[in-house]
Amino acid sequence: MDSSRGTLTIAIPKGTLYKPSLDLLQKAGFNTEELAGDSRQLYFTVPADNVRYIICRPTDIPTFVEYGAADLGIAGKDTLAEQGKDVYELLDLKYGFCRFVVAAPAASVQECGGLALKNRGHARVATKFPRVAEEFFRSQGMQAEIIKLHGNIELAPLVGLADMIVDIVSTGRTLRENNLVELVDVMNSTARLIANRVNRQFKADRINRLLEQLAALVDAANKEG
Ligand SMILES: Nc1ncnc2c1ncn2[C@@H]1O[C@H](COP(=O)(O)OP(=O)(O)OP(=O)(O)O)[C@@H](O)[C@H]1O
Ligand SMILES: O=P(O)(O)OC[C@H]1O[C@H](OP(=O)(O)OP(=O)(O)O)[C@H](O)[C@@H]1O
């Protein structure tokens, strides 16, 4: 088996991780110029690099990779933790840093006697990450009713849909501007390079080469601070 042949298909997440992902690939010597414009095209082939890029919703990246529609993809650890898809996590790319937190309205902190979670008893929790939330509350020995939402989670406790939220926080601005406070820091998340389990072997030479390049770039960026 020649494990270096064939076009490599890389799934790039649109949204927050899009630009840093293209920047990293460009630094590794890949031509990502065509993807940098404001085109609505979702599929790009760069024959000179023997690479094909597909542009996906961030939460769909693990699915494209699991099914082998992409050999590689870039996804947040938050998404990977939530979905538990059968993909190979190759590298922590160390950008897209955010944290999973439990948060509640500032006003309720006084009512519950402070930030301690245990004083809150049975709680209704809104989140985009029901699996992470459920596992967290179970690990605390707490009962929680999990309400799945698809975005703007911070709204839920402000209108009585939930007592608390489990969501990701980056700068903390969204929590602050909605008068919510962090009760618990659950887990950190950064972007990860993931691979399809079969194609990781089948295209091992190419993937290993790319992996080494990216790992060196990530290391260098980290040393720069
Ligand atoms: N405010 C943020 N700061 C830094 N990284 C973030 C932030 N929000 C999300 N991320 C990271 O970027 C990833 C993609 O988030 P983004 O907001 O672009 O898409 P999404 O709305 O979560 O995805 P989808 O459109 O598929 O539902 C997240 O999984 C997370 O790892
Ligand atoms: O701490 P901050 O820097 O304010 O960032 C946190 C916000 O970013 C994410 O939302 P996103 O923009 O992905 O929108 P969403 O609510 O539709 O998921 C997250 O769900 C928070 O709302």
Side-chain angles (χ1 to χ4, degrees), residues 10-25 32 35-36 38 40-43 53-67 69-70 72-85 87 89-106 115 125-136 146-159 161-195 214 218 221-222:
I10 308 178
I12 308 287
K14 65 182 197 180
T16 313
L17 302 178
Y18 192 67
K19 187 164 182 314
S21 300
L22 294 188
D23 289 350
L24 182 66
L25 286 164
T32 59
L35 288 78
D38 61 358
R40 301 286 294 168
Q41 201 178 318
L42 301 174
Y43 184 103
Y53 297 100
I54 58 173
I55 316 301
C56 306
R57 286 279 297 266
T59 45
D60 288 338
I61 296 266
T63 304
F64 279 87
V65 172
E66 183 182 43
Y67 280 87
L72 297 174
I74 294 172
K77 181 68 184 177
D78 53 338
T79 301
L80 297 170
E82 174 60 27
Q83 298 185 357
K85 297 275 189 209
V87 296
E89 199 179 304
L90 290 178
L91 181 65
D92 183 349
L93 299 171
K94 301 201 173 151
Y95 55 80
F97 179 80
C98 51
R99 300 175 297 123
F100 272 120
V101 303
V102 181
L115 294 170
V125 180
T127 187
K128 205 169 146 178
F129 302 91
R131 179 168 161 163
V132 169
E134 214 162 303
E135 274 173 20
F136 172 74
I146 309 291
I147 302 172
K148 159 91 185 179
L149 295 176
H150 292 88
N152 294 4
I153 312 302
E154 292 83 357
L155 194 56
L158 305 182
V159 294
L161 177 61
D163 308 303
M164 294 185 248
I165 62 169
V166 169
D167 199 12
I168 54 174
V169 170
S170 174
T171 61
R173 186 175 163 202
T174 315
L175 287 186
R176 258 192 322 276
E177 293 191 3
N178 291 290
N179 297 316
L180 299 173
V181 293
E182 186 180 323
L183 302 179
V184 188
D185 190 351
V186 176
M187 175 189 137
N188 288 346
S189 169
T190 46
R192 306 295 158 104
L193 180 71
I194 58 172
L214 296 184
V218 170
N222 247 39

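Quick caveat: nothing in here was measured; it's all calculated off a predicted structure. Note that ligands are numbered from 1 as they come in the structure, with each ligand's atoms numbered from 1 the same way.
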- Message: Can you confirm, on distance only, whether ligand 2 has an N/O atom lying under 3.5 Å from any N/O atom belonging to Gly172?
- Response: yes
- Item | Contact (N/O only, under 3.5 Å) between Thr174 and ligand 2 | yes
- Going by heavy atoms, is Lys128 under 4.0 Å from ligand 1? yes
For [X], the ligand 1 atoms whose distance to one of its heavy atoms is below 4.0 Å:
X: Leu17; answer: 12 (O), 13 (C)
X: Arg57; answer: 24 (P), 25 (O), 26 (O), 27 (O)
X: Gly15; answer: 18 (O)
X: Phe97; answer: 4 (C)
X: Thr59; answer: 24 (P), 26 (O), 27 (O)

- Task: Select one of side chain, backbone, both or neither to describe which atoms of Asp167 lie under 4.0 Å from any atom of ligand 2, heavy atoms only.
- Result: side chain
- Query: Counting heavy atoms only, which of Cys98, Gly76, Ser170 is nearest atom 11 (C) of ligand 1?
  - Reply: Cys98
- Looking only at distance, does Thr16 have an N or O less than 3.5 Å from an N or O of ligand 1? yes
- Message: Please report whether ligand 1 has a polar contact with Asp60, defined as an N or O pair separated by less than 3.5 Å (distance criterion only).
- Response: no
- Task: Classify the side-chain pair Thr190/Arg192 by whether it contains a donor and acceptor separated by less than 3.5 Å.
- Result: yes
